[in-house]
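Reading through the structure tokens given below for one structure.
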Amino acid sequence: SIGVLVPSLLPLAALFFAMKYCIDRHILRDQAYLCGPESQGLFLPRVLFIMRMIVVGSWFFLGTSLQFTAKTYFHHRWDAKVPFEILETSCWLLVISAILLG
């Protein structure tokens with residue numbers, strides 16, 4: 001079920017880098033940047049915030065989609081060694097962790 005989500009990462013990454021290219025091109029063309037190391041200490045906290053939000057979004061999306069897929073398609077025919085309740089609990093823990101981290 002997770003394998004279906006992996007191909008969607010390529011278009012999302014392409015969209016991100018296309019937007020990043022347009023923004024950086026505009027900034028460099030109009031010289032709307034300040035010279036100096038790390039933009040007065042604001043660069044690193046912003047990067048860490050963005051990275052944390054990416055992790056939060058992926059955990060939330062993964063937890064909810066896996067929960068929905070498991071409930072919809074595999075609830076009545078679950079035959080794995082891991083009980084279905086552990087899978088459900090893990091999905092909810094992933095979603096709750098994403099909410100608490102965000």
Side-chain angles (χ1 to χ4, degrees):
S1 65
I2 297 173
V4 177
L5 302 175
V6 172
S8 66
L9 295 177
L10 183 61
L12 291 175
L15 178 65
F16 169 76
F17 284 113
M19 290 175 56
K20 180 79 172 128
Y21 170 76
C22 291
I23 292 169
D24 288 345
R25 185 182 63 184
H26 171 73
I27 289 172
L28 291 173
R29 185 185 62 219
D30 294 342
Q31 296 180 347
Y33 54 87
L34 297 173
C35 293
E38 218 183 282
S39 298
Q40 300 168 352
L42 299 176
F43 181 70
L44 188 60
R46 182 71 179 159
V47 168
L48 292 176
F49 173 76
I50 291 171
M51 289 174 62
R52 187 173 56 189
M53 289 301 110
I54 290 171
V55 169
V56 164
S58 60
W59 282 3
F60 188 82
F61 181 70
L62 185 64
T64 54
S65 62
L66 189 59
Q67 174 75 11
F68 174 75
T69 304
K71 278 275 196 189
T72 305
Y73 300 111
F74 299 113
H75 188 318
H76 299 293
R77 54 188 172 125
W78 186 259
D79 59 351
K81 293 181 181 179
V82 177
F84 190 77
E85 290 78 22
I86 291 179
L87 175 71
E88 282 185 316
T89 305
S90 301
C91 290
W92 284 115
L93 285 175
L94 199 58
V95 171
I96 291 170
S97 298
I99 292 171
L100 291 176
L101 185 63

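Quick note: numbers below take in every heavy atom, side chains included, and nothing from hydrogens, waters or symmetry partners.
More than 12 heavy atoms of other residues, nucleotides or ligands lie within 6.0 Å of CZ in Arg29, so this atom counts as buried by the packing criterion.
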Give the table of side-chain donor-acceptor pairs shorter than 3.5 Å for residues 47-66, with sequence neighbours excluded, one pair per line with atom names and distance.
from: Ser58; atom 1: OG; to: Ile54; atom 2: O; distance (Å): 3.1
from: Ser58; atom 1: OG; to: Val55; atom 2: O; distance (Å): 3.0
from: Thr64; atom 1: OG1; to: Phe60; atom 2: O; distance (Å): 2.8
from: Thr64; atom 1: OG1; to: Phe61; atom 2: O; distance (Å): 3.2
from: Ser65; atom 1: OG; to: Phe61; atom 2: O; distance (Å): 2.7
from: Ser65; atom 1: OG; to: Leu62; atom 2: O; distance (Å): 3.2

For residues 9-23, run the donor-acceptor check on the side chains, cut-off 3.5 Å, and write out each pair with its distance to 0.1 Å, sequence neighbours left out.
from: Lys20; atom 1: NZ; to: Asp24; atom 2: OD1; distance (Å): 3.3
from: Lys20; atom 1: NZ; to: Asp24; atom 2: OD2; distance (Å): 3.3

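Residue Ile86 shares its hydrophobic cluster (ILVMFWY side chains chained together at separations under 4.5 Å) with Val82.
Residues Leu87 and Phe74 share a hydrophobic cluster, clusters being chains of Ile/Leu/Val/Met/Phe/Trp/Tyr side chains in contact below 4.5 Å.
Remark: Phe84 CZ to Arg77 CZ distance equals 11.0 Å, nearest 0.5 Å.
His26 and Asp30 make their closest contact through CE1-OD2, 2.7 Å (heavy atoms, listed as atom of the first residue, atom of the second, distance).
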